[in-house]
Amino acid sequence: MKVKICGIRREEDVRYLNETMPDYAGFIFADTKRKVTEDQAALLRKWLDPRIQVFGVFVNAPVEKAAVLASKGTIDVIQLHGDETEEYIRALRGMTKAPVIKAVRVKSREDIFLADRLPVDHLLLDTYHRVQYGGTGETFSWELIPEELEHSYLLAGGLDAGNIHQALSTVKNKGCCIGVDVSGGVETDGVKDFYKIKEVIKEVRSYRTQ
């Protein structure tokens, strides 16, 4: 089971990740409080342990933007968190070999089935919000996840050290969950908290051994 810590934006955040070693880090290039610029991301990437793969998170960005950042080595994986269509995804895949993940803001089981048809490598299942594209800090009904899915997925939305075991136990036989994506659940007063990151990773690692 993999762990992704998303919303990395400070030198301290990178230091925390280098000490705790999650599988993935996430840089957000969309207009949120956790946004980083391309230059900031490139610098953070240089400081980050090379064993940690970097996701770039985009919301309805020009299709070339993610491909360029992947070609520069700033990111390893492209996460689309907006309203990107199949046409957009196919155009992107024609520009880069980087893996592509499509986020689904889950309102219904049908939302997941529709995304499961897209030409991507994995899905990310997140909480629906009327105006936000992510980072709501709220969970969704994990029972909505179908048992049969073509794509494996990361589970996101309101996860923290207190509910990760429950979440993973609930989705155990629902498709193939390959990991969790956590951002606000490892923050205190809006910034990453070393001890919360450590606890989340500990919880996921302990679940692996069950």
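Note that this is a predicted model, so its numbers are computed, not measured.
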Membership question, hydrophobic clusters at under 4.5 Å side-chain separation (ILVMFWY): are Val63 and Val57 in the same one? no
Linked, directly or transitively: Leu149 and Ile101 (ILVMFWY side chains, under 4.5 Å): no
For Glu187, what residues pass the side-chain contact (heavy atoms from CB on, under 4.5 Å) criterion, not counting sequence neighbours? Arg34, Ser183, Lys192
Sub-3.5 Å donor-acceptor pair from the side chain of Asp13 to the main-chain atoms of Leu44, do we have one? no
Test: ring-ring contact (aromatic ring centres under 6.0 Å, His included). Region: residues 91-122. Which pairs qualify, not counting sequence neighbours? none
For the backbone of Leu168 and the side chain of Tyr207, can you confirm whether one donor and one acceptor N or O come within less than 3.5 Å of each other? yes
Holding to side-chain hydrogen bond (donor to acceptor under 3.5 Å, both in side chains), I want the full list of residues that pass it with Glu11, two or more places apart in sequence or in another chain. none
Tell me the ring-ring contact (aromatic ring centres under 6.0 Å, His included) pairs involving residues 17-45, sequence neighbours left out? Tyr24-Phe55, Phe29-Phe58
Sequence-distant partners of Lys35, side-chain hydrogen bond (donor to acceptor under 3.5 Å, both in side chains), two or more places apart: Asp31
Closest heavy-atom contact between Ala66 and Leu92? CB-CD1, 4.3 Å
side-chain hydrogen bond (donor to acceptor under 3.5 Å, both in side chains) partners of Thr37, counting only residues at least two apart: Gln40
Does any non-hydrogen side-chain atom of Glu84 lie less than 4.5 Å from one of Asn60? yes
Calculate, to the nearest 0.5 Å, the distance between atoms OG1 and CD belonging to Thr74 and Glu38 respectively. 7.5 Å
For residues 89-100, which residue pairs qualify under salt bridge (Lys or Arg N to Asp or Glu O under 4.0 Å), counting only residues two or more places apart or in two chains? Glu86-Arg90, Arg93-Asp121
Sidechain N-carboxylate O distance under 4.0 Å for Arg109, Asp116: no
Per the salt bridge (Lys or Arg N to Asp or Glu O under 4.0 Å) rule, what does the pair list look like for residues 144-168, sequence neighbours excluded? none
Arg9: what forms a side-chain hydrogen bond (donor to acceptor under 3.5 Å, both in side chains) with it, not counting sequence neighbours? none
Do any side-chain atoms of residues 14-21 form donor-acceptor pairs under 3.5 angstrom with protein atoms, and if so which ones, sequence neighbours left out?
| from | atom 1 | to | atom 2 | distance (Å) |
| --- | --- | --- | --- | --- |
| Asn18 | OD1 | Asp49 | N | 2.7 |
| Asn18 | ND2 | Trp47 | O | 3.0 |
| Thr20 | OG1 | Tyr16 | O | 2.8 |

Tell me the closest heavy-atom pair linking Gly82 and Val59, and the distance in Å. CA-CG1, 3.9 Å
Least distance between heavy atoms, Cys177 atom then Leu155 atom: SG-CB, 4.2 Å
Give me each pair satisfying salt bridge (Lys or Arg N to Asp or Glu O under 4.0 Å) with a member in residues 63-79, each pair once, sequence neighbours excluded. Arg45-Asp76
Does any pair with a residue in residues 170-182 pass side-chain hydrogen bond (donor to acceptor under 3.5 Å, both in side chains), and if so which ones, sequence neighbours excluded? Lys4-Asp181
Using a 3.5 Å distance criterion without hydrogens, assess whether the side chain of Ser169 forms a donor-acceptor pair with backbone atoms of Gln166. no
